[in-house]
Amino acid sequence: MQEDTIIAISTPLGYGGLGVVRLSGTDALSIAQQIFRPKRKKQTFPPRRALLGNIYDFSKNEIFEEAFLIFFPAPRTYTREDVIEISCHGSPVVLEEVVRLGIKAGARHSEPGEFTLRAYLNGRIDVLQAEAIHDIIHASSIKQAKISFHQLEGGLSKKLLSLREQIIDMLSQIEASLEFPREKLKISPKSITKSLDRAVQTVLNLVESYNLGKTLAEGLTLVLAGRPNVGKSTLFNALLERERSIVTPFPGTTRDYLQEKIHIKDSVFTLTDMAGLDKTTQPAEQEGIKKGKKLALEADGILLVLDASKTQTNEDILLINKFEGKKIILLFNKSDLHKKMNVELFKKGHPDLASLEISALTGKNISLLKDLMREKFVPSTGKSEEIILHLRQKLLLESIYSALKLGRNLLMDGYSEEIYVEEIRKAVPLIGELTGEILNDDILKEIFKSFCVGK
Amino acid sequence: MIDCDVLVIGAGHAGCEAAHAASKLGLETCLITADLNKIAQMPCNPAIGGLAKGHLVREIDALGGIMGFQADKTGIQFQLLNRSRGGAVQAPRAQSDKALYRKDMTKFLRSLPNLHLVQGMVTQILKNGNLACGVKIHTGEKLFGKAVILTPGTFLNGLIHIGLEHHSAGRDGEPASLELSENLDKMGLRLFRLKTGTPMRLHRDAIDWSLLKPQSGDQNPVPFSFRTKTRLENKILCFIGYTNAKTHEVIHNSLDKSPLFSGIITGIGPRYCPSIEDKVVKFPHHSRHQFFLEPEGLNTPEVYVNGLSSSLPLETQNLILKSIPGLELAKILRPAYGIEYDAVDSTLLSETLETYPIANLYLAGQINGTSGYEEAAAQGLMAGINAVLKIQRKKSLILGRSEAYIGVLLDDLISQGVEEPYRLFTSRAEHRLHLRIDNADK
């Protein structure tokens, strides 16, 4: 337990209906008693009950501001310490004053993230859960927030703990047979291999979930591609529902690329508008096309825009071929005009591509397009599988994967136990690093828990 | 009044190595023991070595210690363990002739010119400020030295339990050291209780050997010591037996007479060396437990029952034996017992095993919370060497975790402390593949 009591404004700075000041530490209650006066005289501070009162400036002996106070006694609190929450009006000056009074009464202004740090140091959450709290607060979609909530509930931690248990169980069998050769403890390479395979698969699934997690956190990147003047910028604006991109009747208006985030229901997309892909002698436009092509090749998906009011050209076909292997939605734009392109024939030529006739200008089928974008591009998150959202987690999981995999290969190649175990046992502290929980002596503990060895 | 450079208290495996090292390095050394006939006594199993322990003995030998050479000389059965595995986890183990080991070590120590053997029970560490400068023995006599190495084993406030009866003793039949504990406590060395135990010894003539499975030593024994040049010979067989359902029933029926389960023993015992009642209670799904019958020497009828350590009453011990084929008529020469003793918090030690509160006072062996002859010897050796180096104002000899099992052992002790009697395992070493018996001298 930390010794001092910390205080901070917990709601974002700015004007609002409500603002909350939070205290945590052994003196939270006594400090609160100095700066808060309940309306009803002589009232105590009951645990977990909202108490109406006033903020009290003890040096001036005056009250100001009406507020609610809730006292959360340790240990069932966010930090496992005594916690006080004071809800005032969301006025920066009032909230700053409450903090000032709290500091005067003995509290210390918290460092950034210190409440969560205390929750971790006091053993209420592990590092993964601390990361999840950050992720919920900064989630860019409700889907991501839900994944983080699952992680906060301990989903990922539990999975890793059971992975660690499994590895330790395996190690203890092997170590016991190494350390107590006279006891003739039998180990079956077959069951060890099986267990290793299971562990490797678990880790691999987590590593692979990172791409999905990243998508959910950062949004899918989509590029609007097509020849000049097919209406890409008009579509860009239509999807954004505002005039972000400059639109003119002339080809080559968009030179550099533009990026904006859009939310479609619970998903986030980063949309890129770029110069039309065509031969040009204009150097700025050339540069824009170069960048755009690169973005298009790295994107999660492409909205390929065609002008349905013109007859199709070879360039259109070439473009489709250029993005082979990428997820594409074919859009026949300007469908409000007289159709010159043989859309049906075009579709037949590319039966595997999703397509839609739209008019960016009139808004025709734009909402259908939004549905189609979610359907085509957003990967399914599965049911209960854990998804990792952080590069830190991914890198550690990759190291765990390599250790287990190498151990498994050495085992298959017929190496002696002490050799392959050397690799497998590297996984244990790595899992500890992942969850932030370092326990020594785990393997020996397990040996003595599950084997009866010794004289 | 005797004046020495180094005073070593206790002549067990830690004390012998410490005294040998200090005298060999040229300092006048005094080895003080309560009983000169019990020098290098093995109070528990008649064996030296095994995984990690065999490694330790090799390292002790490489550093000029004596355990390995003496064990080779007085060994009566030799085995290299984990022969089927790689070099890093192979380790020698030897059955010892206990009496011979004791006698030969005594003879050897007596031959050292700078070493003086003194019989006496130490009652007090003498200090000059915060510097240890000598000891007082039970006769009131004072001995002075520049360093004091304390290796009291299980003697500090030792309390032997057999069933619900208990009595003060340092080892079977030997008086405990009572005053010294209090003295250490007053000097700021935090004490705590540990527990260990030993199985019964049987008379070899009352065992039906035909019902037990013999186990022989290696055909080409591998010695501990790099100095051993003679060919080692296996002179005895060990035997393997098993407990059974009847044994377990007997044990269950007398748990109310177990000091361990009735809460009389408060000291913490080693997980790796559980008593038979512990094994039966904790592993109810095991239908039997293996044990070894190991002769304690060539000229003694005593047979050690490795695996049946216990603190149950004598009558239960007899019933246990009666339930086991081959041991039905077995005669107990010495009962199994549990023993509680004081140990010092090893985090109060520096890496040379000198205590922080009292300079020039070194602790080695079970007082530091370890268990095992080899662990004790390794500490005694390092304390002895470093006490001399300090007196000579030379740089200490510190071995790292990546250099030697001794480094792992000492580092674990001083940085982690112990909660139960500490035994070295190869898995405690991060660099297991590099710490090998065949490179211990490199």
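We name chains A, B, ... by the order of the sequence lines, and we start the count at 1 in each one.
No more than 12 heavy atoms of other residues, nucleotides or ligands lie within 6.0 Å of CZ in Arg76(A), so this atom counts as exposed by the packing criterion. Under a cut-off of 6.0 angstrom, the local environment of OH in Tyr78(A) is crowded, with over 12 non-hydrogen atoms contributed by other residues, nucleotides or ligands.
When side chains are defined from C-beta on, Ser427(B) counts as touching Arg425(A), because their heavy atoms get closer than 4.5 Å. Residues Glu417(A) and Val89(B) have side chains not in contact (no heavy-atom distance under 4.5 Å, counting atoms from C-beta outward). Two residues are said to be in side-chain contact when any heavy atoms from C-beta on lie closer than 4.5 Å; Glu418(A) and Asn82(B) fail this criterion.
Nearest approach of Gly86(B) to Ser416(A), heavy atoms of both residues: N-OG, 3.6 Å. Looking at every heavy atom in both residues, Leu178(A) comes nearest to Leu51(B) through O-CG, 3.3 Å.
Heavy atoms closer than 4.5 Å to chain A are found nowhere in Gln90(B), neither backbone nor side chain. Looking at Phe291(B), there are no atoms closer than 4.5 Å to chain A (heavy atoms on both sides), in backbone or side chain. Only the backbone of Glu430(B) comes within less than 4.5 Å of a heavy atom of chain A; no side-chain atom from C-beta onward does.
To the nearest 0.5 Å, atom CZ of residue Arg432(B) and atom CD of residue Glu175(A) are 4.0 Å apart. Of the inter-residue distances, the one linking Glu422(A) atom CD with His431(B) atom NE2 reads 9.5 Å to the nearest 0.5 angstrom. For the atom pair Glu179(A) CD and Lys53(B) NZ, the distance stands at 11.0 Å (nearest 0.5 Å).
Within residues 397-407 of chain A, no residue has any heavy atom under 4.5 Å from a heavy atom of chain B.
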task = Test salt bridge (Lys or Arg N to Asp or Glu O under 4.0 Å) on Glu294(B) and Arg182(A) and set out the steps.
result = CA-CA 13 Å; Glu294(B) 302 171 350; Arg182(A) 293 180 89 212; 3.0 Å; yes
